[in-house]
Structures are given as C-alpha cells and as structure tokens.
Amino acid sequence: MQKPTIYITRKIPEHLLDPYRERFHFRMYHEERKPIPKDMLYEEVLEADGLLCLLTEQIDEPFLRHAKHLKIIANMAVGYDNIDVAAAEKYGIVVTNTPDVLTETTADLTFALLMATARRLVQSSNLIYQNGWKEWSPFDMVGTDVYGKTIGIVGMGRIGTAVARRAKGFDMDILYHNRSRNQEVEEVLGAEYCSFEELLERADFVVSLLPLTEKTAKKFNKEAFERMKETAIFINVSRGGVVDEDALYEALKEGKIKAAGLDVFAKEPIDSSHPFTKLDNVLLTPHIGSSTKETREKMLTLCLDNLDNYFYGDGALTPVTKNKK
Ligand code: DGY
C-alpha cells in the first residue's frame, strides 16, 4: 500500500512525527501561531488521506464534500464543535478527538482559575507593578474563601470529575448537573445531583464544563446569571458559546454576580478591546486549559496514534463518529 498522506494544519514539533515517518507521508502548514488560510487548506486537503487539525479550523459540510480522498480527521482537542460530525459521517469520514490525556491538566487550570479569581491574584500582582501597594491594610485586595464553600459543576464528565476531586480536597460541598447521573462522584466524593436552576441558586462557584452543542448554546443566559447568588463566581473552561456574553457582561457590571474567570470566549481570539477587559472583576486567560508541554504533546501523539490505528490497525482509537474505520 502507498503511504497515506497526512496534512497537518499547524507547525508541530518534528520529533513527534519521527516514530510515524515510515508509515506516512506528512505535509504540514509552516506557521506555528497562525491558522492556515481557508483557500490553502482547501487546496492541500485534495491530496490528503488524513487530516490532523486544530479547533481553529472550521470543518463544515462544503469542506467535507470537497475533500474527495479524506478518510479521517484527527482533531487536536477533546471538544469537536468545530467539525460537522453528521456531515463527516455522511461522507464516511471518521472523526477523532483527544479525551483522557488532557483531563487532569484541564482540571488543574479550572481550579487555578477558580482560586485566582476568588483571591484576586492578578489584580493583586498588578497592584505592585502599578506602585499601588502603599501600606498593609486589613481590607486591601480582600477576596472570597474557597475552602468549605459550595461548588456547582455543570457538565460532570471526565474533567468535571477531576475538578470535583480537587474540590473535595478543599473541603467543598459539591453540586453537579449533567445529562446523566455520575455514580462515581456521588459515591466516592459525596457530590449531590441537582437541577441546573437549583445549582445556580445554591453554588458559590458555578463551573461550566459543558461541551458546545445546539442544546447548550448560550445556556448561561440572563436568567441563569439572575438566579446566581450576588456573591457567586462563574468559571468557564469549556466553550465560550455556552455563555451569552452580553448577559454575563451585564451581570458582572451590575454586580448581579461577584466575578468571573474565563478561559474561553464566543469568538476567539479576543484582545484588549473586548468589553470583558473593561471590568475589574474578571480574570481572562487565552484558552489554555490543556496547555502544558506534556499534555499538548500527548494530545498530538494521540492524534497520530488515531491515524496510525485507522490506516494500519483495527480502526481509530477515540472516534466521535459512529464508525472507527
Ligand atoms: C479541548 O481539548 O477541547 C480544549 O478546548 C483545548 O485543549
């Protein structure tokens, strides 16, 4: 069999490809920090049997129809809302994601964001850089306790479970809402299942780990923020699309909730012109949930293993389409 051609939509470390070079012919976009232009991707994909892409690529029906030789798409993310999976299935193209390998790393970032928002770490650090620390005072930069509070996790999958384990270590009460009950978090961590509305009303920290789907789009809307406590802190590390950002802005500005820590946004990237940057009760990070060297390398390796198993083994390891071959 001729070596399959794999197109990689971003420059990735060459050494990760070394173990696979005998079996694949790799072509790669040359930029590390810029997404591939659409017309270039359209041209390159015509020669490709497999595609390794990122969440910055919108893989829609017209693209899939155009990609005549394409058999598999390995998406370097656990979320795959950038891909029209139903259309891929229609054309017999397998789609894979990268579950498990990023779970703990993303849970770490979730908790880091929660703590940094509660304790105002960035504002406190900035105070020094701006020569604003004149004296120690009892109520300077006061934040909110984390330990012993109630966390409400919306979306109790792998990452939610890992966040719940961290919360347990901080002696927090754990509420969760999910499509289905999660026995593990209930039995091992004592988490309590409740409705979305009840969770919003009771939680001190509301954490979104929802995937973006038609059903979850803008789930955190005006009504949701109005249900939350005025002291509540909202954390989002899943997808910006699950939040009505105008409603969140208003809630933060009007003091309907206390603060937010956000790693993801409806339209990415954002810059200093974004309305959230004008608020002093928001902590913003640039979609870095899984961003450690170890985890990003593991994600890429899982993409490559998916391609390898598809072409030379029993089928993709972590397909999100019904078929894996
Ligand atoms: C994902 O995997 O879906 C993240 O958003 C990127 O790590």
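Basis for what follows: all heavy atoms, side chains included, without hydrogens, waters or symmetry-related copies. Atoms within a ligand are numbered from 1 in the order they appear, just like the ligands themselves. Starting from 1, each residue takes its place in the sequence as its number.
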- request: Decide if the gap between the ring center of F220 and the ring center of F196 is smaller than 6.0 angstrom.
  value: yes
message: My understanding is that a hydrophobic cluster links ILVMFWY residues whose side chain heavy atoms are under 4.5 Å apart, including indirect links. Using that, what else belongs to the cluster containing Y91?
response: Y7, Y29, I36, M40, L41, Y42, V45, L51, I59, F63, L64, L70, I73, Y80, I83, V85, I93, V95, V320
field: Neighbour count >12 (heavy atoms, 6.0 Å) for atom CD, E47
entry: no
- request: Have a look at L317 and tell me which of N306, L307, T96, D308 forms a side-chain contact (heavy atoms from CB on, under 4.5 Å) with it.
  value: N306
- prompt: What residues, two or more places apart in sequence or in another chain, satisfy ring pair (Phe, Tyr, Trp, His ring centres under 6.0 Å) together with F205?
  reply: none
Report each N/O pair between ligand 1 and the protein that falls under 3.5 Å, naming both atoms.
residue	atom	partner	partner atom	Å
ligand 1	2 (O)	V78	N	2.7
ligand 1	3 (O)	V78	N	3.3
ligand 1	3 (O)	G79	N	2.9
ligand 1	3 (O)	R239	NH1	3.4
ligand 1	3 (O)	R239	NH2	2.7
ligand 1	5 (O)	R239	NH1	2.7
ligand 1	5 (O)	H287	NE2	2.6
ligand 1	7 (O)	S290	OG	2.5

- prompt: Linking Ile, Leu, Val, Met, Phe, Trp and Tyr through side-chain heavy atoms less than 4.5 Å apart, which residues share a cluster with I128?
  reply: L127, W133, M141
